[in-house]
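Just so it is clear, the structure is predicted and the values come from calculations on it, not from any experiment. Atoms within a ligand are numbered from 1 in the order they appear, just like the ligands themselves.
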Amino acid sequence: MRPLIAGNWKMHGSLSEARALAGAVAEGKVQGAELLVCPPFPYLLPVQGALAGSTVALGAQDCHAAAKGAHTGDISAPMLKDCGAGFVILGHSERRADHGEDDAAVRAKAEAVLAEGLVPVVCVGESEAQRLSGEAEPVVAGQLAGSLPEGFAQVHGVVAYEPVWAIGTGRTPTEDDIAAMHARIRAELAARFGAAGGTLRILYGGSVKPGNAKAILALPHVDGALVGGASLVAADFLAIASAV
Ligand SMILES: O=C[C@H](O)COP(=O)(O)O
């Protein structure tokens, strides 16, 4: 499977910065990895324009579980599809923390994404307390069981393992710990989806930088990265992608 390097821009940047960043990423000559950028909702269409003619994919950072309705301030999967998104990040720990999204909510959103033929990028990951108490793997296994919908494998759904304590902190798990968790996730996917589970991409996310990308991306069952802060600097994002 081709590694995926995804940039989650979160709630950063202005419209002109988004256009410039997308344009710079689109001009990068990266071999060996698929690139994805996920700007804030209002910038999807302008970023789509800036990416035109490139192979860089466009994604969103969330969506509502319903296709339409009286949900003020929300965005549906069909709207995202209309704006050119091919991927949707779901269940990011910031959504789980800021908006109280639980596994059932994430799964419902993933169902909505599947219904549009878009690819869900479902995020899982343990807190620092859970890691320290030895619960990291069962916690992540539980999140996978609760968050991934049937049909996830058919659309080549993506799992992003993001230890909450590594996001934006400059800290990462040891390479052994990343490898162990990715192996566990692979086993869970295979148990749930059979042979297809072996072909799904598992991204690592949490303080991925140009300096640590090569080592992380070389680990078994690490099929790419979900990059936050470093995805806001085109040179850094492209350097991470080039480390594949
Ligand atoms: O979605 C991306 C992650 O939350 C990682 O963010 P970070 O690279 O800034 O640690």
Of all the heavy atoms in K10, does at least one lie under 4.0 Å from an atom in ligand 1?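 Heavy atoms of K10 do come under 4.0 Å of ligand 1.
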Taking the non-hydrogen atoms of A230, is any one of them nearer than 4.0 angstrom to ligand 1?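 No; A230 lies far enough from ligand 1 that no heavy-atom distance drops under 4.0 Å.
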Do [X] and ligand 1 have an N or O pair less than 3.5 Å apart?
X    : answer
E94  : no
E162 : yes
I167 : no
G229 : yes
L226 : no
H92  : yes

Please find the pair of heavy atoms, one from [X] and one from [Y], that lie closest to each other, and give the distance.
X    : Y   : result
W9   : A22 : CH2-N, 3.9 Å
L118 : V88 : CD1-CG2, 4.0 Å
V244 : A33 : CG2-CB, 3.8 Å

I'd like to check which ligand 1 atoms, numbered from 1 as shown, lie under 4.0 Å from a non-hydrogen atom of [X].
X    : value
G206 : 5 (C), 10 (O)
S207 : 7 (P), 8 (O), 10 (O)
G168 : 7 (P), 9 (O), 10 (O)

Charged N-O contact under 4.0 Å between R186 and D223: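 So R186 pairs with D223 through a salt bridge.
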Looking at E94, E101, H92, which hits side-chain contact (heavy atoms from CB on, under 4.5 Å) with D62? E101
Going by the salt bridge (charged side-chain N to carboxylate O under 4.0 Å, His left out) test, which pairs reach into residues 11-33, not counting sequence neighbours?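 Non-adjacent pairs meeting salt bridge (charged side-chain N to carboxylate O under 4.0 Å, His left out): zero.
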Yes or no on side chain to side chain contact (heavy atoms under 4.5 Å, CB included) for L238 and I5, after CA distance, side-chain angles and deciding distance? CA-CA 9 Å; L238 293 169; I5 305 297; over 6 Å; no
Looking only at protein heavy atoms, which one is nearest to atom 8 (O) of ligand 1, and how far off is it? G228 N, 2.9 Å
side-chain hydrogen bond (donor to acceptor under 3.5 Å, both in side chains): which pairs involve residues 200-219, sequence neighbours left out?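 As it turns out, the side-chain hydrogen bond (donor to acceptor under 3.5 Å, both in side chains) pairs with a partner in residues 200-219, which skip direct neighbours, are E34-R201.
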